[in-house]
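The model shown is predicted, which means the values in this text are computed figures rather than measured ones.
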Protein chains: 2
Amino acid sequence: MFKKAPQARPRLAADVYDQLLSAVVNGQIKPGERLIQEKIAAQINISRTPVREALLRLEQEGVLEQTGRRGFTIRDITDQEIRALYGAREAVEGYAAYVIATDRGDQQLATIEQAVLAEQQLFERDVEKEFTINRNIHRTIVEQSGNSVLLGMFDSLWSRGVSLWLFSATRNDQTPSKPDVHSKLLQKLKSGTPEEAQKEMIDHIRDGLDMHLENKKTHASNPDS
Amino acid sequence: MFKKAPQARPRLAADVYDQLLSAVVNGQIKPGERLIQEKIAAQINISRTPVREALLRLEQEGVLEQTGRRGFTIRDITDQEIRALYGAREAVEGYAAYVIATDRGDQQLATIEQAVLAEQQLFERDVEKEFTINRNIHRTIVEQSGNSVLLGMFDSLWSRGVSLWLFSATRNDQTPSKPDVHSKLLQKLKSGTPEEAQKEMIDHIRDGLDMHLENKKTHASNPDS
DNA sequence: ACCATGTATCCTGTATACAGTATTAAGCAG
DNA sequence: CTGCTTAATACTGTATACAGGATACATGGT
């Protein structure tokens with residue numbers, strides 16, 4: 001009669017995880033700051049156990065790191081690691097583009113197109129929205145490649161870089177031809193060779209890296225808004 | 001005078017993690033079997049806490065899954081997921097090949113060559129050794145691409161498939177031209193275009209998938225040794 | 001003022017205790 | 001014997017308690 005409850009009963013640890021992650025995204029926890037299990041637990045009035053679980057998970061995902069017995073801190077990411085993250089994105093997203101340009105399913109292409117169109121319908125300047133939409137375009141492409149493992153990697157990569165991507169977006173004062181870029185990418189997916197599609201994606205990501213490093217350098221000595 | 005202790009004080013949870021993982025690899029825990037925190041804890045005479053930590057980590061890595069309140073079990077992997085895993089390998093390792101064939105550092109190529117040579121010096125038939133050597137060849141290639149994030153993904157993928165790869169190797173009664181295959185791959189890394197190197201890697205992995213599925217089908221109704 | 005040594009505290013890792021729900025087993029009606 | 005209702009058990013998730021080692025602070029000697 002009624003479907004049986006789809007399990008997934010609420011897990012306190014999951015809440016903590018979300019809260020912490022979004023705190024990192026919003027910059028409420030700047031890098032270097034110490035995260036103490038007891039204090040976090042006290043702040044949200046729960047025990048240390050679920051807090052600990054969330055912290056460990058974030059550590060394993062590369063967002064936090066543990067420094068001896070001084071607690072967890074946000075990993076401050078070196079330039080080398082930034083490059084590595086972008087490189088990994090090239091691998092994952094480039095391959096996804098390759099696969100899509102090989103299969104060419106109508107449904108898949110339509111779904112991607114929709115994500116791309118959303119970007120063009122955004123006129124106001126809202127950094128966070130831009131970020132979300134951009135991320136969604138890339139994620140949709142990976143998703144539509146039909147490989148769930150790849151999608152998991154994508155999510156892992158992006159959550160690992162949360163503080164980074166947003167930072168980059170924030171600083172990127174003018175994004176002139178961005179919609180065009182994604183349209184071009186879509187075009188390659190639709191009618192280019194798989195190799196072309198992959199290359200287009202890789203180049204696009206590499207541009208992002210350049211812009212990222214550029215912004216970082218510019219604002220390096222002027223970290224406040 | 002004395003070197004300072006390299007921190008990393010022993011973590012009980014890490015032990016449990018290793019034990020469980022290798023138990024999966026050795027097939028001591030076949031898929032479907034239930035893993036109960038209390039029982040495991042009792043068996044190695046520790047409390048549930050570190051056991052739980054290890055289990056959660058293995059779950060996040062995709063080795064285990066949680067089924068309601070009936071404990072953890074080894075994920076039985078569907079054919080679709082096998083394909084997804086191999087696809088992800090194509091993305092990661094193919095990209096690594098591309099990068100290496102672009103940079104062409106002497107040191108890197110030499111390191112890879114060494115790994116390949118190790119395979120040709122193995123004459124006896126030792127399934128586990130073959131597996132280790134093969135894995136090492138692929139891992140070295142990713143490692144030498146110089147991208148630590150990519151390497152992390154590689155490790156994650158392979159540990160996720162541990163039970164699979166070994167299964168496949170076990171069943172693969174004759175591996176005739178395998179050394180040749182890797183030599184050819186090395187050749188492309190040394191002197192092919194990046195695209196060629198990538199393609200060679202992808203084809204190689206795809207062959208592995210075909211073989212895997214073939215073996216699986218053959219032995220499907222005869223699961224015991 | 002500076003360095004060394006001892007002491008207090010902080011913080012984690014592990015163990016144990018408690019609460020609650022899914023799953024299984026038991027009992028009973030048809 | 002089959003199907004339903006109710007009780008028992010089996011697990012997990014969360015909370016609390018304990019132990020030990022690192023870090024930070026204070027005290028005293030030079």
Side-chain angles (χ1 to χ4, degrees), chain A residues 1-21 23 29-76, chain B residues 1-21 23 29-76:
Chain A
M1 181 62 196
F2 295 103
K3 343 181 232 184
K4 73 173 181 182
Q7 27 79 269
R9 74 207 150 94
R11 311 243 284 98
L12 220 39
D15 274 13
V16 182
Y17 175 87
D18 290 340
Q19 285 194 45
L20 285 174
L21 193 56
I29 301 196
K30 311 193 190 74
E33 192 166 338
R34 292 174 56 182
L35 296 179
I36 309 303
Q37 301 177 0
E38 275 176 335
K39 297 196 175 167
I40 299 173
Q43 280 187 24
I44 44 188
N45 253 6
I46 61 175
S47 88
R48 238 182 59 203
T49 311
V51 175
R52 174 177 169 75
E53 185 179 326
L55 287 174
L56 284 170
R57 186 159 160 214
L58 284 168
E59 184 196 19
Q60 215 224 325
E61 287 183 2
V63 179
L64 304 179
E65 72 181 339
Q66 214 170 358
T67 60
R69 210 174 289 256
R70 305 186 52 245
F72 293 77
T73 63
I74 300 189
R75 286 193 58 192
D76 49 344
Chain B
M1 181 62 196
F2 295 104
K3 358 178 218 185
K4 77 169 181 184
Q7 26 81 268
R9 75 204 149 95
R11 309 245 284 100
L12 219 40
D15 274 13
V16 182
Y17 175 87
D18 290 339
Q19 286 195 46
L20 285 174
L21 193 56
I29 302 196
K30 312 194 190 74
E33 193 167 338
R34 292 172 56 182
L35 296 179
I36 308 304
Q37 301 177 359
E38 276 177 335
K39 298 197 175 165
I40 299 173
Q43 280 186 23
I44 44 189
N45 254 6
I46 61 175
S47 88
R48 238 182 59 203
T49 310
V51 175
R52 173 178 170 75
E53 186 178 326
L55 287 174
L56 283 170
R57 187 160 159 212
L58 285 168
E59 184 196 19
Q60 216 224 327
E61 288 182 3
V63 179
L64 304 179
E65 73 183 336
Q66 214 169 358
T67 60
R69 208 173 291 257
R70 304 184 54 245
F72 293 77
T73 63
I74 300 189
R75 287 193 59 191
D76 49 343

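Atom CG of A:Leu58 is separated from atom CG of A:Leu20 by 6.0 Å, given to the nearest 0.5 angstrom.
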Seminar exercise, completed: Going 5' to 3' through nucleotides 5-18 of chain D and flagging B where a protein heavy-atom sits under 4.0 Å of the base, S where only the sugar-phosphate is that close, and - otherwise, we get ------BBBBBB--
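Annotation: side chain of B:Leu64 is in contact with side chain of B:Ile74 (closest heavy-atom distance under 4.5 Å). Residues B:Tyr17 and B:Glu53 fail the side-chain proximity criterion, which asks for heavy atoms closer than 4.5 Å.
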Exercise. Run the side-chain contact (heavy atoms from CB on, under 4.5 Å) check on A:Glu38 and A:Val51 step by step: do they pass?
Worked result: CA-CA 8 Å; A:Glu38 275 176 335; A:Val51 175; over 6 Å; no
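The backbone N or O of A:Arg70 sits less than 3.5 Å from a side-chain atom of A:Arg34, completing a donor-acceptor pair.
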